[in-house]
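As a basis for the values below, the full set of heavy atoms in this structure was taken, side chains included, without hydrogen atoms, waters or symmetry mates. Small disclaimer: the values here were computed from a predicted structure and weren't measured.
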Amino acid sequence: MAVEQMADPDEEPGRAAEPAPIPPARPLDAVDRDILRVLRTDGRASIRSVAERVHVSRANAYARINRLVEDGVIRGFGARIDHERAGQGASAYITLKIVQNTWRTVREQLQALPGATHIALVSGDFDVLLLVHTPDNRALRELVLTRIQSIPEVLSTRTLLVFEETDLGPLPERPAELA
């Protein structure tokens with residue numbers, strides 16, 4: 001069943017409504033930060049395990065994790081991947097200079113690229129920093145020369161090959177203040 005929406009009388013006809021502003025995040029206390037540290041180390045930890053490790057009840061841990069998800073502090077749960085072992089042996093950071101005010105359009109197109117794992121709008125000599133993982137240098141070349149450079153808003157690119165990566169994700173032996 002379709003839900004009817006009433007038109008906003010202040011909105012111009014034919015113009016798309018702006019997304020609702022994101023409310024400011026609530027401040028995190030020490031328990032929230034401890035929960036985040038536990039989940040960064042082990043995103044598969046059970047509620048019971050999290051509760052025991054941060055010294056709160058299961059109900060409290062459950063409510064706090066739900067609030068952290070609802071507030072957008074926790075954006076999801078995932079696995080840390082060894083890209084080389086997963087058949088993605090070539091990695092590169094690609095810097096892009098783009099046409100002014102086209103960030104959102106370019107971001108959408110970069111998100112659709114195979115192997116793109118991180119996209120950032122940055123300041124400095126270039127506008128965008130993109131991290132990609134591809135099966136080999138031939139696939140990387142194809143991605144850069146055919147896919148990225150064909151985006152009309154991309155003025156130039158520079159590719160920096162990654163020779164070796166080290167995941168600085170939290171490890172149990174790292175002090176909490178560094179995690």
Could you name each residue pair satisfying salt bridge (charged side-chain N to carboxylate O under 4.0 Å, His left out) that touches residues 125-144, not counting sequence neighbours? none
Measure across [X] and [Y] and return the closest heavy-atom pair with its distance rounded to 0.1 Å.
{"X": "S91", "Y": "E165", "result": "OG-OE2, 3.4 Å"}
{"X": "A116", "Y": "V132", "result": "CA-CG1, 4.0 Å"}
{"X": "A61", "Y": "A51", "result": "CB-CB, 3.8 Å"}
{"X": "I74", "Y": "L36", "result": "CG1-CD2, 3.7 Å"}
{"X": "A120", "Y": "H118", "result": "CB-NE2, 3.9 Å"}

Nearest 0.5 angstrom please: [X] [atom1] to [Y] [atom2], how far?
{"X": "T159", "Y": "L145", "atom1": "OG1", "atom2": "CG", "answer": "7.5 Å"}
{"X": "I35", "Y": "I65", "atom1": "CD1", "atom2": "CD1", "answer": "5.5 Å"}
{"X": "I98", "Y": "S156", "atom1": "CD1", "atom2": "OG", "answer": "10.5 Å"}

Apply side-chain hydrogen bond (donor to acceptor under 3.5 Å, both in side chains) to [X] and list each qualifying residue two or more places apart in sequence or on a separate chain.
{"X": "T95", "value": "none"}
{"X": "Q109", "value": "E153"}
{"X": "R53", "value": "S49"}
{"X": "R26", "value": "D71"}

If we ignore hydrogens and angles and just use 3.5 Å, is the side chain of T146 paired with the main-chain N or O of L143 as donor and acceptor? no
Main-chain N/O of L28 paired to R33 side chain as donor or acceptor, under 3.5 Å: yes
Identify whether [X] and [Y] are in the same connected component of the hydrophobic contact network (ILVMFWY, side-chain heavy atoms under 4.5 Å).
{"X": "L96", "Y": "L160", "value": "no"}
{"X": "L130", "Y": "F126", "value": "no"}
{"X": "I119", "Y": "L129", "value": "no"}
{"X": "V122", "Y": "L110", "value": "no"}
{"X": "V73", "Y": "L39", "value": "yes"}

Which pairs pass ring pair (Phe, Tyr, Trp, His ring centres under 6.0 Å) with one or both residues in residues 58-106, sequence neighbours excluded? H83-H133
By side chain to side chain contact (heavy atoms under 4.5 Å, CB included), which residues pair with [X], not counting sequence neighbours?
{"X": "H55", "result": "none"}
{"X": "A86", "result": "I81"}
{"X": "D82", "result": "E84, R85"}

Connected-component partners of L155 among ILVMFWY, side-chain separation under 4.5 Å: V99
L161/N137 under side-chain contact (heavy atoms from CB on, under 4.5 Å): CA gap, chis, key distance, verdict: CA-CA 9 Å; L161 290 177; N137 283 342; 4.3 Å; yes
With sequence neighbours excluded, tell me which residues meet salt bridge (Lys or Arg N to Asp or Glu O under 4.0 Å) with D32. R64, R67
Count the heavy atoms belonging to other residues, nucleotides or ligands that lie under 6.0 Å from CD of Q111, then report whether that count exceeds 12. yes
